[in-house]
Amino acid sequence: GKQEDVEEAMTHARTQKTLRSYEVAVKSLLSWCAHHKNEEIVKDVLKADNGGKIEFDYPKLAKSLESIKNVYFRYTLQYQIKMNLSKKSGLGHIKRVRSGLSKKFLDNRVTMSDLALKMTAQWMASRKNDDMAAKTREINPVKYSNAQRSLPWPAYKAIAHLLAKDEDPFLWCLFVLQWNMIARVSNAAGVKLSLMSWDNDRLKIKHPKTKMDGEGKKAFPMAIMANRYCWYICPITALAVYMSCTNFKKDTDQLFSGGTAGKTASTRYCERMRSFLNRQDIQSELNEYADLLKGSHGVRKGATNHGATAGLVANVLIAVLLRGQWGIGDTLKRYFKEHQAGDALVGRVLAGLDLYSPKFAALPPHFKKVSRQIRLATQAQFKKTHPLFKEDAPAGSEEVLRMCLASLVHHYEKLDTELPAGHPLRATPLFESPAIMNLKTELGPELGERGSGREYGTGAMTCTGIPPHVSYMQQALGYHR
């Protein structure tokens, strides 16, 4: 590559959002210094530019960190005490100031000495200890942030139901996918169409990258399962409705777009979700549940806790942690890279299937055979220009759309009953073409046999992620009948 390519690639070390947070943090420190500019420790690290504007003298600032008497220690201590009095932590801002200064030193080609590095590391450790002490003290403890609270299953269902009836399916689809992927909003919003495919009874989605895996090298195709019994928490149905109502650009690879004004999909989602939760009618419906979504990890932690309930019948903890990209230590990550059988079981639990019922072995709505009529109906519903129809799309891509169509046909009555009159899905062939509704007779069976893939010879769909007790329940049900 050319030198300009190297320089451009170097900017990928941090996202623009992260870099902006660093700038804001360093400006806060500079503002504090401006208010204390007459103090000796402050005077030593400031200078004026050609226009008379005060800025940091970064070589002197780096040198000052070798001593306990420096502006960084003074500012962060004062800030932490102030935040603790308000029952807040403040530790996140302190970390951003430290990272922001490190970035400024690098940009100005200033090297911190070993002594300065050890002093700042020891100071950061002292701030973390004081933070924990403030959170665990008996009198007026600092509250853990909303990010520590998880969204319970009843709240998830209630919110999903309200979002499903909204006229824009973007929020609903991304919310349901985030839950089923146990993902951060930014990761669920970054799903690529080229990393989606269908295999046997499950949709497979792979992260292009995550916070803990910047290049996606540790990502694996997680199983996203359907729920044929409850349309509004079924990720396949949510995906089907969203893709039916979205005009994808010809060469796009992104499932979700940021819309206008150059926004990212995650920014668009967060802004729209905030507005949705602040609506008076939604507040009255959700009550205290609405606040749980305002933390950064409420959905991800709620999905983690719900997925882990399968631990009562199978050892799925590693599968849950791997799917959620939770830190589990270097040794575990090295030896447990995938957990396919456990991941499929977790996928069924997250989709809302009842772990203590024979219906846990439910197959997704699917067509028994792929006829010309079904192919034409799929192209009509999702438009021939859809990226998953491209000739160079990965294997199993077109089947994603066929399975989505099967879910729409299966849930048609519920969709017709509950969607508002102005919902864009009503303007698609599903509601306007009788030929598509006639496909209901082409749908396959409700339950399937336990297996790991399509049956050899017949090609029949089997159920993956089924624990032994469900097979026993199916056998008992068969004997009873």
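The residues of the chain are indexed from 1 along the displayed sequence.
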Atom pair CG/CD1 of Leu195 and Ile205 - distance to nearest 0.5 Å: 9.5 Å

Main-chain N/O of Glu271 paired with Ser275 side-chain donor or acceptor, under 3.5 Å: yes

Closest non-hydrogen atom pair between Phe276 and Asp166, with its separation: CE1-OD1, 4.4 Å

Side-chain ion pair, Asp343 and Arg202, N-O less than 4.0 Å: no

Flag, side chain of Ser21 to backbone of Thr18, donor-acceptor distance under 3.5 Å: yes

Side chain Ser99, main chain Arg96, donor-acceptor under 3.5 Å: no

Ring geometry between His306 and Trp153 (parallel below 30°, tilted from 30 to 60°, perpendicular above 60°): parallel

Heavy-atom neighbours of Glu413 CD exceed 12 at 6.0 Å: yes

Within-4.5 Å side-chain heavy-atom neighbours: Pro468 and Arg450: yes

Distance, nearest 0.5 Å, that separates CG of Leu193 from NE2 of His386: 6.0 Å

Other residues, nucleotides, ligands: >12 heavy atoms within 6.0 Å of Arg14 CZ: no

Side-chain (Gln283) to main-chain (Leu277) donor-acceptor, under 3.5 angstrom: yes

Side-chain heavy-atom pair Thr237, Val176 within 4.5 angstrom cut-off: no

Nearest non-hydrogen partners of Gly100 and Tyr22, listed with the distance: CA-CB, 3.8 Å

Shortest non-hydrogen contact between Leu174 and Ala189, atoms and distance: CD1-N, 3.7 Å

Whether over 12 other heavy atoms sit under 6.0 Å from Lys368 NZ: yes

Shortest non-hydrogen separation from Asn84 to Arg137 and the atoms involved: O-NH2, 3.5 Å

Axial cation check for Tyr229 ring with Lys359, 6.0 Å and 45° limits: yes

Salt bridge Arg127-Asp130, side-chain N to carboxylate O under 4.0 Å: yes

Heavy-atom donor-acceptor pair, Arg98 side chain to Ala121 backbone, under 3.5 Å: no

Closest non-hydrogen atom pair between Ala238 and Trp172, with its separation: CA-CH2, 3.5 Å

Separation of Leu355 CG from Ile466 CD1 (nearest 0.5 Å): 9.5 Å

Cationic N near anionic O, under 4.0 Å, Asp201 to Arg348: yes

Intermediate values then yes/no, side chain to side chain contact (heavy atoms under 4.5 Å, CB included), Lys88 and His93: CA-CA 11 Å; Lys88 296 179 181 179; His93 175 70; over 6 Å; no

Whether Phe256 and Tyr242 hold their rings parallel, tilted or perpendicular, with breakpoints at 30° and 60°: tilted

Phe382/Phe389 under ring pair (Phe, Tyr, Trp, His ring centres under 6.0 Å): CA gap, chis, key distance, verdict: CA-CA 9 Å; Phe382 300 106; Phe389 280 129; 7.5 Å; no

Min side-chain heavy-atom separation Met273-Val185 under 4.5 Å: no

Heavy-atom side-chain contact between Ile94 and Met124 under 4.5 Å: yes

Candidates Val349, Asn227, Ile224 - the one meeting side chain to side chain contact (heavy atoms under 4.5 Å, CB included) with Asn180: Ile224

NZ/Lys17: more than 12 non-hydrogen atoms of other groups inside 6.0 Å: no

Check: Tyr269 ring centre within less than 6.0 Å of Phe175 ring centre: no

Nearest heavy atoms of Val370 and Ile374, plus distance in Å: CA-CD1, 4.5 Å

Any Leu408 side-chain heavy atom under 4.5 Å of Val241 side chain: yes

Straight-line distance of Gln381 CD to Met243 CE, nearest 0.5 Å: 10.0 Å

Main-chain N/O of Leu117 paired with Thr120 side-chain donor or acceptor, under 3.5 Å: yes

Glu432, CD atom: more than 12 neighbouring heavy atoms under 6.0 Å: yes

Any side-chain heavy-atom pair of Pro445 and His366 under 4.5 Å: yes

Pro141 vs Thr136 side-chain heavy atoms within contact, under 4.5 Å: no

Polar side-chain atom of Gln178 near backbone of Ala183 as donor-acceptor pair, under 3.5 Å: yes

Student check: side-chain heavy atoms of Leu415 and Trp231 closer than 4.5 Å: yes

Between CZ on residue Arg300 and CE on residue Met181, distance to nearest 0.5 Å: 11.5 Å

Stepwise side chain to side chain contact (heavy atoms under 4.5 Å, CB included) test for Tyr156 and Leu350: CA-CA 11 Å; Tyr156 164 71; Leu350 291 170; over 6 Å; no

Atom pair CG/CE of Asp416 and Met437 - distance to nearest 0.5 Å: 8.5 Å

Stepwise side chain to side chain contact (heavy atoms under 4.5 Å, CB included) test for Cys230 and Lys414: CA-CA 9 Å; Cys230 185; Lys414 285 291 184 182; over 6 Å; no

Pair Val142-Met132, side chain to side chain contact (heavy atoms under 4.5 Å, CB included): steps then yes or no: CA-CA 9 Å; Val142 169; Met132 186 53 65; over 6 Å; no

